[in-house]
2 protein chains.
Amino acid sequence: MILRAAEKVFGERGFAASTIADLAREANTALGTYYIYFESKNAVFRELVLEMGTLTRRVMSDAVDGAPNRLEAERLGLRAFLGFVAERPALYRIVEEARFVDPDAYRDYFTQFAAAYQDQLERAEAAGEIRPGNAEVRAWALMGIAKNLGDQFALNGGADLDKIADEGFDLIRNGLAP
Amino acid sequence: MILRAAEKVFGERGFAASTIADLAREANTALGTYYIYFESKNAVFRELVLEMGTLTRRVMSDAVDGAPNRLEAERLGLRAFLGFVAERPALYRIVEEARFVDPDAYRDYFTQFAAAYQDQLERAEAAGEIRPGNAEVRAWALMGIAKNLGDQFALNGGADLDKIADEGFDLIRNGLAP
DNA sequence: GTGAAATATGAATCAGTATTCATGTTTTAT
DNA sequence: ATAAAACATGAATACTGATTCATATTTCAC
């Protein structure tokens, strides 16, 4: 399947260094077959970013579902995110590269995520589960923590993600607790 | 000067969409002149990342210099970082793109920064200025906050950076305070 | 079983652009 | 003032790789 081949190739070599021939070879098809399924080289890339959006939302909402309160949701969410990055590093790299390859897709991805996050924080504040504060700035700051810990500790394997998540959550818990 | 022209062109269009001819035109020189000063298209890019490293370190150490304690240093540092991103957006974008164009330069940039940051946090912990915790994870988490707030609020102008820094610092202060 | 539609193939096209280089021009040292 | 060194020029080179397309092959409806 071309989409999976593209995930692998783009994730390993990056967009610029990957050729349509590479994608086709990885997918065990002829070069021209690519264009039966996708308009252009960029098209799969966008598709992968969209897929990552759906997946991330699912992973995160599954992880957080049933958390008794926002702080616990933060802990579970951070751990799940790190695990997801470790499991699908290629997809994660592709989203980051989308910032330069397909800026619209990149912006949509994070803007949508941030809006939902902000909403959660506002509810939590209203429920008295976290200290009052600017939910928009907090959402982006917390996403920044997750992204950077993911980049540094989850992307290349070898790190103890439970530990990283605990240490990261320590900062978040005290940062947000009422 | 070719380096400044490259900062502008790469910052605006990104690496792939910029041609040597673009750089030369922006610098008011002939195309071939570029190769008197740089080995390859990538060479200026690396040069710009190195420059950004020096500049960031200077900006941050100037900002933090004289802070009475680590928490105040965090506040000043975050504000200074956001201001720097707003002032040199092109340079900032270039560093981010370096992740894909020149991964070694990118890694060096952040690894070096993180090591210094970690060191500061360890000293602060020893001095009792912040609660005990894992300095390495904290350093990357705090860098993540700054990066993401910079991306979202400083890069495109229009935001009230004092306010963003204050809101962001609120999270950090409570997250780190003893 | 047959023809039409859908899908697959990969050689050829075609455009773009990094890099080179033969040829000026300017600067510097004496 | 002059020759060597340094710097500048941009047309030509050399190559890469996205996209197209004429030609199979397979699938499917009847």
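Lettering follows sequence order; numbering is per chain, from 1. Just so it is clear, the structure is predicted and the values come from calculations on it, not from any experiment.
Considering only the side chain of B:T19, C:dT17 comes nearest among C:dA8, C:dT20, C:dT17.
Remark: B:R107 CZ to B:D102 CG distance equals 9.5 Å, nearest 0.5 Å.
The distance from atom CZ of B:F38 to atom P of C:dT20 is 16 Å, rounded to the nearest whole Å. Whole-Å rounding puts the B:L23 CG to C:dT17 P distance at 12 Å. Between B:F15 atom CZ and C:dT17 atom P there is a gap of 12 Å when expressed in whole angstrom units. Summarising the geometry, the separation between CZ on B:R25 and C1' on C:dT17 is reported as 12 Å, rounded to the nearest angstrom. One can place CD1 of B:I36 at 12 Å from C1' of C:dT26, the figure rounded to the nearest angstrom. A straight line from NZ of B:K41 to P of C:dA18 spans 4 Å, rounded to a whole angstrom.
Under a 4.0 Å N-O distance rule, the pair B:R4/B:E51 qualifies as a salt bridge. Salt bridge absent: B:R93 and B:E97 never bring a charged side-chain N and a carboxylate O closer than 4.0 Å. For B:K147 and B:D151, the salt-bridge test fails: no basic side-chain N is under 4.0 Å from an acidic carboxylate O.
Between A:Y34 and C:dT9, a side-chain N or O to OP1/OP2 separation shorter than 4.0 Å is absent. Contact annotation: A:T33 reaches the phosphate of C:dT9 (side-chain N/O to OP1 or OP2, under 4.0 Å).
Both tests do not hold together for A:K163 against A:F153: distance to the six-membered ring centre under 6.0 Å, angle to the ring axis within 45°.
Inter-residue side-chain proximity for B:Y92 and B:F81 is flagged as met; some heavy-atom pair is nearer than 4.5 Å.
Between chain A and DNA chain D, the heavy-atom contact criterion of under 4.0 Å yields a 5' to 3' nucleotide range of D:dG17 to D:dT20.
Using a 4.0 Å heavy-atom distance criterion, A:Y37 is classed as a sugar-phosphate-only contact.
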